[in-house]
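In what follows, chains are A, B, ... by sequence order, proteins preceding strands, each numbered from 1. Predicted model, so just to flag it, every value in this text is computed and none were measured.
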There are 2 protein chains.
Amino acid sequence: MTRDLRPHPDTRPAASAPWRPTRQRTAVLNALHGRTGFTSAQELHEALEADGVTIGLTTVYRTLHALDRSGRVDVVRDRTGERLYRHRPTDGHRHYIVCRACGLSAAVEAEAVERWADEVAETMGFAEVEHTVELSGVCDPCRTEHRRTAAEPPPPRSGRGDRRADS
Amino acid sequence: MTRDLRPHPDTRPAASAPWRPTRQRTAVLNALHGRTGFTSAQELHEALEADGVTIGLTTVYRTLHALDRSGRVDVVRDRTGERLYRHRPTDGHRHYIVCRACGLSAAVEAEAVERWADEVAETMGFAEVEHTVELSGVCDPCRTEHRRTAAEPPPPRSGRGDRRADS
DNA sequence: TACGGGGTGAAAATGATTACCATGTGCTAC
DNA sequence: GTAGCACATGGTAATCATTTTCACCCCGTA
Ligand SMILES: [Mn+2]
Ligand SMILES: [Mn+2]
Ligand SMILES: [Zn+2]
Ligand SMILES: [Zn+2]
């Protein structure tokens, strides 16, 4: 039962390690670029493995976290609280509206909210204010289909938010 | 090993059961009224038991859900995704700004956001649009205390969001 | 070749929330 | 009142996304 008492691992996290483009990290990044909608860590992992990429779920989570911290992805939470990631197309953060039926997502203009948030922060005397703004609803196609089929709600058209509303 | 095959339980959910003011439900409601800030189901449960109220955690969750569905409480999610509830003071929904250090919460004016959300819904052609808007930051007292103590962050002043900024 | 900081990932731990389901209770029809 | 049933309750087990652990791998450098 003698515990392992070797030297002193001293495995400190390393405040900010240099970003090494490993096979796995590259794969995650590519996978994200290949999708237009939001994807969960687990879905991403499955997709990667399905594509023949060998990678641990842990690594997917870690990578997504890092990308989030460095602001290279946008994150939202679905109603169960699960985190969904999306590669951030342009610079600066964005807000989206997501269809609860098919997952379709589209970026929305939110300058008004940004200004409102700043104003509130000042008024209330709060610092380092962060905001969470998420919109969800039922997109037009889904609504139509819903009317047609008076029965079960239309099954997710594709994985999660693969289609786009832009056009 | 013969299973219980009595009549036919027919335990259907019951679309909308009448609200019976049971001992437990009353206790939960009271506990919520006694707090000004946001509280998690688990905290509420602990508090209740501490007050001598015998109630199951399951029931607390169920009651909170019901209150949420009927719009009698506001719900936010902290950064871990945990749901925090707060008795809704006035009618109509509200948005809050919460201090990440001490939990202090205060309602904020968000008409601008409401209008923005409606506008986006129409522009994007989405129906049944719901929105989540949450602000978090560091309140003035906490910021001050933080400057003073250059060490560990100020420990939560009290449970979770008990103090208020209104005044 | 030895050393050391990153990285990885299988496996186990967490922890909030939910599902089950046997048992209790408020109401109402008789 | 009392029976009967829908509604409620709560202990316990199950879910399930995310986090921790920690032994091991990779690779550039001394
Ligand atoms: Mn924003
Ligand atoms: Mn609102
Ligand atoms: Zn849709
Ligand atoms: Zn504070």
Side-chain angles (χ1 to χ4, degrees), chain A residues 3-29 38-49 53-70 73 75-85 160, chain B residues 2-29 38-46 48-49 53-70 73 75-85 160:
Chain A
R3 294 241 254 122
D4 177 43
L5 296 181
R6 275 173 294 183
H8 191 152
D10 189 35
T11 313
R12 248 165 295 184
S16 180
W19 174 273
R20 293 191 198 165
T22 65
R23 173 175 63 76
Q24 295 86 332
R25 289 177 177 179
T26 303
V28 169
L29 235 12
F38 283 92
T39 315
S40 72
Q42 314 236 20
E43 281 178 331
L44 208 49
H45 180 244
E46 270 184 66
L48 284 168
E49 296 257 272
V53 178
T54 298
I55 183 175
L57 179 55
T58 304
T59 300
V60 173
Y61 271 111
R62 253 193 309 243
T63 304
L64 252 15
H65 263 174
L67 291 175
D68 178 24
R69 279 197 300 277
S70 66
V73 295
V75 189
V76 300
R77 315 188 70 134
D78 63 18
R79 59 184 47 192
T80 73
E82 182 179 11
R83 272 184 273 263
L84 304 180
Y85 300 84
R160 179 125 58 177
Chain B
T2 60
R3 293 239 255 121
D4 177 5
L5 297 181
R6 275 172 295 183
H8 190 150
D10 189 9
T11 314
R12 246 164 299 183
S16 179
W19 174 271
R20 295 191 197 162
T22 65
R23 173 175 64 74
Q24 294 88 330
R25 289 178 175 178
T26 304
V28 169
L29 236 13
F38 284 93
T39 315
S40 71
Q42 314 236 19
E43 281 178 331
L44 208 49
H45 180 244
E46 271 185 64
L48 285 168
E49 296 259 270
V53 178
T54 297
I55 183 175
L57 179 55
T58 304
T59 300
V60 174
Y61 271 110
R62 248 191 314 244
T63 304
L64 253 16
H65 261 177
L67 291 175
D68 178 24
R69 279 196 300 277
S70 66
V73 296
V75 189
V76 300
R77 313 190 71 136
D78 63 16
R79 58 182 47 190
T80 73
E82 182 178 13
R83 274 185 270 264
L84 304 180
Y85 301 82
R160 179 126 57 176

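Annotation: side chain of B/Y61 is in contact with side chain of B/Q42 (closest heavy-atom distance under 4.5 Å). Between A/V53 and A/R23, some side-chain heavy-atom pair lies under the 4.5 Å cut-off. Contact annotation: the side chain of B/L67 never approaches that of B/Y85 to less than 4.5 Å [non-hydrogen atoms, C-beta and beyond]. At a threshold of 4.5 Å between non-hydrogen side-chain atoms, the residues A/T26 and A/L29 do not count as touching.
Rounding to whole angstrom units, CD1 of residue A/I55 and P of D/dC26 are separated by 15 Å. For the pair A/E82 CD and C/dT17 C1', the computed distance is 14 Å after rounding to whole Å. Rounded to whole angstrom, the span from the CG atom of A/L64 across to the P atom of D/dT18 amounts to 9 Å. When rounded to the nearest whole Å, the span between CH2 of B/W19 and C1' of D/dT9 equals 13 Å. One interatomic measurement links the two molecules: CZ of A/R77 to P of C/dT17, which rounds to 11 Å at whole-angstrom precision. Distance A/R20 CZ to D/dC27 C1': 7 Å, rounded to the nearest Å.
The side chain of B/Y61 approaches C/dT18 more closely than any other nucleotide in the set C/dG9, C/dG7, C/dT18. The side chain of B/P18 approaches D/dC7 more closely than any other nucleotide in the set D/dC7, D/dT9, D/dA17. Closest to the side chain of A/H65, out of C/dG7, D/dT19, C/dT8, is D/dT19.
One donor-acceptor pair, N or O on each side, does fall under 3.5 Å between the base of C/dG9 and the side chain of A/R62. In the interface, the side chain of A/T58 is paired with the base of C/dA10 through a donor and an acceptor atom under 3.5 Å apart.
The shortest distance between the side-chain N/O atoms of B/R83 and the OP1/OP2 oxygens of C/dG15 is not below 4.0 Å. The side chain of B/T22 contributes no N or O atom lying less than 4.0 Å from OP1 or OP2 of D/dC7.
Residue whose closest nucleotide on DNA chain D sits further toward the 5' end, between B/R23 and A/A41: B/R23. Between B/Q24 and A/Q42, the one whose closest nucleotide on DNA chain D sits nearer the 5' end is B/Q24.
Residue A/H45 is out of contact with every strand shown, counting any heavy-atom pair closer than 4.0 Å. As judged by a 4.0 angstrom heavy-atom cut-off over every strand, A/T54 is placed among residues touching the sugar-phosphate backbone only.
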